[in-house]
Amino acid sequence: MSYITYDYYMTTFGGRQIPEEDFDYLAEAATTVVDLLVTSPIISVTETVRRAVAYQAEVLFTQGGSDAIGGLAAVTSGIDERLGDYSIGTPYVSNEKRCYSIGGVPVSGLTLMLLKKAGLITRCVYEEGDL
């Protein structure tokens with residue numbers, strides 16, 4: 001179930017990019033991306049979480065909709081940062097469009113910043129034998 005509705009997207013968030021017929025699919029995918037980014041499960045859907053999902057849905061839409069969800073975004077990331085099975089792409093080429101990505105799926109920079117600021121994303125470092 002998505003953390004946002006089309007009414008929230010249009011009125012509270014002020015979104016204008018995503019057509020209503022595409023919204024439910026993209027909002028659900030954006031919610032999934034946010035759930036994958038956070039360190040702990042989201043218990044309470046706050047305004048910060050809703051905004052993060054709305055920004056993520058817009059990035060998915062602008063990067064190709066279902067193509068972006070399938071890992072075929074309009075732009076790709078440069079350098080990958082890895083920690084075990086987790087990796088995130090970072091933009092690095094100045095003359096191309098830039099986009100963060102995880103596994104080829106574009107991720108909104110604003111989504112990442114909002115979730116980090118809210119303390120929902122933290123870095124974990126495992127010492128050998130901790131797992």
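Starting from 1, each residue takes its place in the sequence as its number.
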Participant: Distance from T32 atom OG1 to L60 atom CG, nearest 0.5 Å?
Facilitator: 10.0 Å
Participant: When you compare the side chain of L120 with that of V49, does any pair of heavy atoms fall below 4.5 Å?
Facilitator: yes
Participant: Specify the closest pair of heavy atoms between I121 and V38, including all atoms of both residues, with the distance to one decimal.
Facilitator: CG1-CA, 4.3 Å
Participant: Give a yes-or-no answer on whether the side chains of Q17 and Y9 include a donor-acceptor pair shorter than 3.5 Å.
Facilitator: no
Participant: Which atom names give the shortest non-hydrogen contact between P106 and A68, and what distance separates them?
Facilitator: CD-O, 3.5 Å
Participant: Determine whether M113 and K117 make a side-chain contact, defined as any pair of heavy atoms from C-beta on separated by less than 4.5 Å.
Facilitator: no
Participant: Considering residues at least two apart in sequence or located in another chain, which fulfil the ring pair (Phe, Tyr, Trp, His ring centres under 6.0 Å) criterion with Y55?
Facilitator: F13
Participant: Between T48 and L114, what is the shortest heavy-atom contact and its length?
Facilitator: CG2-O, 3.6 Å
Participant: Could you pull out the closest heavy-atom pair between S44 and I42, with the gap in Å?
Facilitator: O-CG2, 3.5 Å
Participant: Grab the two heavy atoms, one from T31 and one from M1, that are nearest each other, plus how far apart they are.
Facilitator: CG2-O, 3.7 Å
Participant: Is there a side-chain contact between L26 and I69 in this structure, where contact means two heavy atoms from C-beta onward sitting under 4.5 Å apart?
Facilitator: yes
Participant: Could you grab the distance from atom CZ of F23 to atom CG of D7, nearest 0.5 Å is fine?
Facilitator: 9.5 Å
Participant: Please report the shortest heavy-atom distance between Q56 and T111, naming the atom on each side.
Facilitator: N-OG1, 3.3 Å
Participant: Are side-chain heavy atoms of L110 and R51 found at a separation under 4.5 Å?
Facilitator: no
Participant: To the nearest 0.5 Å, tell me how far T39 OG1 sits from K116 NZ.
Facilitator: 10.5 Å
Participant: Before you tell me yes or no, could you show the steps for Y6 and E21 under side-chain contact (heavy atoms from CB on, under 4.5 Å), namely the whole-Å CA-CA distance, both residues' side-chain angles and the distance that decides it to 0.1 Å?
Facilitator: CA-CA 10 Å; Y6 192 69; E21 61 270 11; over 6 Å; no
